[in-house]
Number of protein chains: 2
Amino acid sequence: MSDIARRADVSRQALYLHFATRAELLIATTFYVDEINRSDERLEASRAARSGVERLDAFIDAWGGYIPEIYSLARAMLAMSDTDEAAREAWAKRMRDMREGCEAAIVALEHDGKLNPEHSRDQATDLLWTFLSVRTWEHLTIDCGWSQERYTETTKKIARQMFLVENGGD
Amino acid sequence: MSDIARRADVSRQALYLHFATRAELLIATTFYVDEINRSDERLEASRAARSGVERLDAFIDAWGGYIPEIYSLARAMLAMSDTDEAAREAWAKRMRDMREGCEAAIVALEHDGKLNPEHSRDQATDLLWTFLSVRTWEHLTIDCGWSQERYTETTKKIARQMFLVENGGD
DNA sequence: CTGTTGCTTGACACAGTGTCAATTGACAGG
DNA sequence: CCTGTCAATTGACACTGTGTCAAGCAACAG
């Protein structure tokens, strides 16, 4: 809080006039960051896609490309979630919203008759949700040293490999 | 530290006679837990496997089954890694060791001529490493509500689906 | 001139980690 | 029996970080 106050050129106590706790400040920051990054517009492309495969690719590009923008904040929120119930719930809600995007992509595949019957809709959604989690991104880019581009391309490839009933195009 | 001391029926200061910092205590605990859980024996089965597919399955069973045993400690280590360099390095080393198990399973597949050429050895290793990470286990079992059994079975299934050149048996 | 608003300074409480000094009790060896 | 050592004890302290509180100040509107 001291660091933030200094960077914002206000007193530490002034922060508490606006945010009751550190967690609350962090949560408010997530909304602000979404706003300046126009997170909703980013996901527009995937909703506009015609085929299921297109939608899957577009969603992976959109969300996968968004993660690096929010990673620092995501880390802070995840760390906060260990001790703060409100932060945990706020982050969980954002992730549930993101899961809906995953589900919509899987449903689009299903609608095209292209969803691999090895996986139910729910299971495919859970798996896609996991591949696109911040932790998975963190592991592949930071621990494995993959570039951002390699991350999105490989994620698209394995998603097609796993979820498509016929391998539809690379 | 107070809590631990109380549970161990010693004074808080006695802990500092044995472990210089909280991080050091945590790191020492990981060695202890490995010892009482005979973590090396668990991975024996996968080394004994004849075919690559068998080895892959055995490794997923062994490591996947070990995660729940160490999860609390892993969480503590991961949280500590945010602030403590020694803890980060200790955890990273354990994970690098685990990655060798992943690589050995992938190499065994490769040796049988069964590794899907879509993925290089390194890439397949990184992906298997990611699927078997504590964070992925955490996401699937805790956030998605999967049972432990479902986690290992599904992980085996997607590993076969992704890494095997011909779908070899379910 | 006055009341309100938003911020300031400066103090404090509380929890947690890590340090230090003095003391105690057990135990082994001369 | 005395003595040194060792491991633990109690009790204090420093330092950091979060959150609270009170008093004061500057700007601004009516």
Side-chain angles (χ1 to χ4, degrees), chain A residues 1-37 69-96 134-135 138 142-143, chain B residues 1-37 69-96 134-135 138 142-143:
Chain A
M1 296 296 273
S2 306
D3 291 347
I4 294 168
R6 199 177 312 118
R7 293 277 287 264
D9 268 322
V10 294
S11 66
R12 187 175 72 90
Q13 286 66 14
L15 290 185
Y16 286 101
L17 296 175
H18 296 274
F19 311 98
T21 64
R22 193 175 125 82
E24 199 174 288
L25 185 155
L26 228 49
I27 294 168
T29 307
T30 65
F31 294 128
Y32 175 68
V33 166
D34 275 350
E35 202 177 303
I36 61 170
N37 280 35
E69 308 289 320
I70 58 165
Y71 176 60
S72 310
L73 187 52
R75 261 189 76 154
M77 284 293 287
L78 284 163
M80 195 94 240
S81 299
D82 282 347
T83 57
D84 187 275
E85 179 53 37
R88 175 165 44 249
E89 188 41 47
W91 183 256
K93 182 181 175 353
R94 295 169 64 78
M95 289 306 103
R96 281 196 300 272
V134 171
R135 293 303 192 183
E138 182 180 48
I142 294 176
D143 299 332
Chain B
M1 296 296 273
S2 306
D3 291 349
I4 294 167
R6 200 176 312 117
R7 293 277 285 262
D9 268 322
V10 295
S11 65
R12 187 175 71 88
Q13 286 67 13
L15 290 185
Y16 286 101
L17 296 175
H18 297 273
F19 311 99
T21 65
R22 193 174 124 84
E24 200 174 287
L25 186 154
L26 228 49
I27 294 169
T29 307
T30 65
F31 295 128
Y32 176 69
V33 166
D34 275 350
E35 203 177 302
I36 62 170
N37 280 35
E69 307 290 319
I70 60 166
Y71 175 61
S72 311
L73 187 51
R75 260 189 77 154
M77 284 293 288
L78 285 163
M80 194 96 241
S81 299
D82 281 347
T83 57
D84 187 275
E85 177 55 34
R88 175 164 45 249
E89 188 42 46
W91 183 255
K93 181 181 174 352
R94 294 168 66 77
M95 289 305 102
R96 280 196 301 272
V134 171
R135 293 303 193 183
E138 183 180 48
I142 295 176
D143 300 331

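To find a chain, count down the sequence lines: A is the first, B the second, and so on, and within it residues start at 1. Since the structure is predicted, the reported quantities are computational estimates derived from the model, not experimental observations.
The interatomic distance linking A:Met80 (CE) with D:dG19 (C1') rounds to 12 Å, in whole Å. To the nearest angstrom, C1' of D:dG19 lies 13 Å from CG of A:Asp84. Distance, B:Arg22 CZ to C:dG16 C1': 9 Å, rounded to whole Å. At whole-Å resolution of the value, OH in A:Tyr16 and C1' in C:dT8 are 16 Å apart. Computed from coordinates, the A:Arg6 CZ to C:dT9 C1' distance equals 16 Å when rounded to whole Å. Between A:Asp9 atom CG and C:dT8 atom C1' there is a gap of 14 Å when expressed in whole angstrom units. Protein atom CG of A:Leu17 is 10 Å distant from nucleotide atom C1' of C:dT8, rounded to whole Å. Computed from coordinates, the B:Gln13 CD to D:dT9 P distance equals 8 Å when rounded to whole Å.
With rounding to the nearest 0.5 angstrom, the CE atom of B:Met1 is 4.0 Å from the OH atom of B:Tyr16. We find the OG1-CZ distance between A:Thr29 and A:Phe31 to be 10.5 Å, quoted to the nearest 0.5 Å. The structure places CG of A:Asp84 at 9.0 Å from CG of A:Leu26, a figure rounded to the nearest 0.5 Å.
Considering only side-chain N and O atoms, A:His18 lies nowhere under 4.0 angstrom from the phosphate OP1 or OP2 of C:dG6. Listed pair B:Ser11 / D:dA8 fails the phosphate criterion, with no side-chain N or O lying under 4.0 Å from OP1 or OP2.
Qualifying side chain to side chain donor-acceptor pair (under 3.5 Å) partners for A:Asp34, counting only residues two or more places apart in sequence or in other chains: A:Tyr66, A:Arg94.
Contact of B:Arg12 with C:dG18 (side chain to base): a donor-acceptor pair of N or O atoms is detected under 3.5 Å.
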